Amino acid sequence: MSDGSELLAAIERVVRALDEHRIPYFITGSVASSVHGEYRATNDVDIVANLSPANVGSLLAELQGTFVADAEQARTAVASGTSFNLIDRGTFLEVDVFPSTTEFERQAQQRAESIVPPGGTRALRVATVEDILLAKLRWYRLGGEASEVQQRDIRGIIALNRGALDLEHLKRWSVALGIVDLTERFLAD
């Protein structure tokens, strides 16, 4: 496991390339849940970006000196709406890149907050507390509601943000994502 500064440096390299190519993005997954909940060490980062088969090639060309990626696999993944990964050549940290394919992701991207993390050199677009909570609840559902890690992340986000959550946003998107029961159950805990 690498230290947090190496992960942050890898994130910033990818974000710099996304910004240079004017590709909107936001950070989600364990990094975003750590920003809004309890810190959890991780060796990867999840980024949702407005990628297309046309712009993914130029992004990968920009990153080829510092990241390993299979360009053909990335183009195929983006065309099919699935993720691909970038592996940092120096640290072997992984950046999973997901193309923005749903209305929820498009809304989450618009709502994302610019945050300069401790030790960071640039602002990063990070999913809001409500949107990472919704994403975690959805991933928990898709994983058969068995992941202890997802449960811990969900509970941590709620515990640290209970009074500040936009309950109307959570309700609206819980219906759309088919997770009303999970949202209600975790909020009631």
Side-chain angles (χ1 to χ4, degrees), residues 7-8 11 14-15 18-19 22-42 44-52 77-85 94-118 120 122-189:
L7 182 63
L8 182 56
I11 294 168
V14 173
V15 165
L18 288 164
D19 286 345
R22 293 189 163 96
I23 299 172
Y25 75 92
F26 68 96
I27 295 168
T28 188
S30 58
V31 171
S33 69
S34 289
V35 167
H36 296 296
E38 295 177 6
Y39 173 77
R40 175 163 60 89
T42 184
D44 70 348
V45 63
D46 297 330
I47 296 177
V48 176
N50 277 5
L51 291 171
S52 68
V78 169
S80 66
T82 59
S83 67
F84 65 92
N85 58 35
E94 183 174 321
V95 178
D96 295 319
V97 184
F98 297 80
S100 180
T101 61
T102 68
E103 184 59 28
F104 172 69
E105 290 164 337
R106 287 185 282 279
Q107 291 291 317
Q109 180 183 306
Q110 290 177 359
R111 288 172 40 88
E113 303 167 322
S114 290
I115 296 171
V116 178
R122 67 184 303 123
L124 307 174
R125 300 281 297 159
V126 178
T128 64
V129 64
E130 293 85 8
D131 292 334
I132 190 57
L133 178 56
L134 289 162
K136 287 284 184 177
L137 288 163
R138 184 169 175 268
W139 292 328
Y140 181 64
R141 166 68 39 90
L142 293 173
E145 300 177 27
S147 172
E148 294 290 327
V149 172
Q150 295 291 5
Q151 278 189 53
R152 191 170 46 251
D153 288 348
I154 291 164
R155 286 193 171 98
I157 292 166
I158 292 171
L160 292 173
N161 299 281
R162 185 172 296 279
L165 294 171
D166 180 342
L167 297 177
E168 285 303 312
H169 182 78
L170 288 173
K171 184 177 182 180
R172 180 175 60 251
W173 281 104
S174 290
V175 170
L177 297 171
I179 55 171
V180 171
D181 58 323
L182 288 179
T183 303
E184 290 173 351
R185 185 172 87 212
F186 278 98
L187 287 174
D189 283 350

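The model shown is predicted, which means the values in this text are computed figures rather than measured ones.
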Please list, chain by chain and in numerical order, all residues satisfying side-chain hydrogen bond (donor to acceptor under 3.5 Å, both in side chains) with T101, sequence neighbours excluded. E105
Under the side-chain hydrogen bond (donor to acceptor under 3.5 Å, both in side chains) test, residues paired with Y140 that sit two or more places apart: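 Testing Y140 for side-chain hydrogen bond (donor to acceptor under 3.5 Å, both in side chains), a comparison that skips the adjacent residues, returns Q151.
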I'd like to know whether W139 forms a side-chain contact (heavy atoms from CB on, under 4.5 Å) with D153, so could you lay out the CA-CA distance, the side-chain angles of the two residues, the decisive distance to 0.1 Å, and finally the verdict. CA-CA 11 Å; W139 292 328; D153 288 348; over 6 Å; no
Does F104 have any ring pair (Phe, Tyr, Trp, His ring centres under 6.0 Å) partners at least two apart in sequence or in another chain, and if so, which? W173
Residues R106, E103: salt bridge by 4.0 Å N-O rule: yes
Which residues share a side chain to side chain contact (heavy atoms under 4.5 Å, CB included) with T82, sequence neighbours left out: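 Here the qualifying residues are A77, S80.
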Side chain to side chain contact (heavy atoms under 4.5 Å, CB included) with A123: which residues, sequence neighbours excluded?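 Here the qualifying residues are S114, V116.
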Restricting to non-hydrogen atoms, name the atom on [X] and the atom on [Y] that form the minimum distance, rounded to 0.1 Å.
X: G29; Y: I132; answer: N-CD1, 3.4 Å
X: A32; Y: I27; answer: CB-O, 3.6 Å
X: V31; Y: D44; answer: CG2-O, 3.9 Å
X: A49; Y: I23; answer: CB-CG2, 4.0 Å

Contact check, side chains of [X] and [Y], non-hydrogen atoms, under 4.5 Å:
X: L167; Y: K171; answer: no
X: V129; Y: E113; answer: no
X: L8; Y: L124; answer: yes

Which distance, rounded to the nearest 0.5 Å, do you find between the [atom1] of [X] and the [atom2] of [Y]?
X: E38; Y: S33; atom1: CD; atom2: OG; answer: 9.5 Å
X: N50; Y: Y25; atom1: CG; atom2: OH; answer: 12.5 Å
X: S30; Y: L7; atom1: OG; atom2: CG; answer: 8.0 Å

Determine the sole option in K136, Q109, R111 for which the side-chain hydrogen bond (donor to acceptor under 3.5 Å, both in side chains) test with D131 is passed.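 Only match with D131 under side-chain hydrogen bond (donor to acceptor under 3.5 Å, both in side chains): R111.
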Is it true that, when you exclude R138 itself, more than 12 heavy atoms of the residues, nucleotides or ligands shown sit nearer than 6.0 Å to its CZ? no
If you count the non-hydrogen atoms of other residues, nucleotides and ligands that lie under 6.0 Å from CZ in R22, is the total more than 12? no
For a quick test of your reading: what N or O donor-acceptor pairs under 3.5 Å do the side chains of residues 180-189 make, sequence neighbours left out?
{"from": "D181", "atom 1": "OD1", "to": "R141", "atom 2": "NH1", "distance (Å)": "3.4"}
{"from": "D181", "atom 1": "OD1", "to": "R141", "atom 2": "NH2", "distance (Å)": "2.9"}
{"from": "D181", "atom 1": "OD2", "to": "R141", "atom 2": "NH2", "distance (Å)": "2.7"}
{"from": "T183", "atom 1": "OG1", "to": "S174", "atom 2": "OG", "distance (Å)": "2.6"}
{"from": "T183", "atom 1": "OG1", "to": "I179", "atom 2": "O", "distance (Å)": "3.1"}
{"from": "D189", "atom 1": "OD2", "to": "R155", "atom 2": "NH2", "distance (Å)": "3.2"}

If we check side chain to side chain contact (heavy atoms under 4.5 Å, CB included) with L177, which of these qualifies: L137, T102, L134?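 Passing option: L134.
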Between E130 (side chain) and H169 (backbone), is there a donor-acceptor pair under 3.5 Å? no
Kindly say whether A127 contributes a backbone atom to a donor-acceptor pair with the side chain of H36 at under 3.5 angstrom? yes
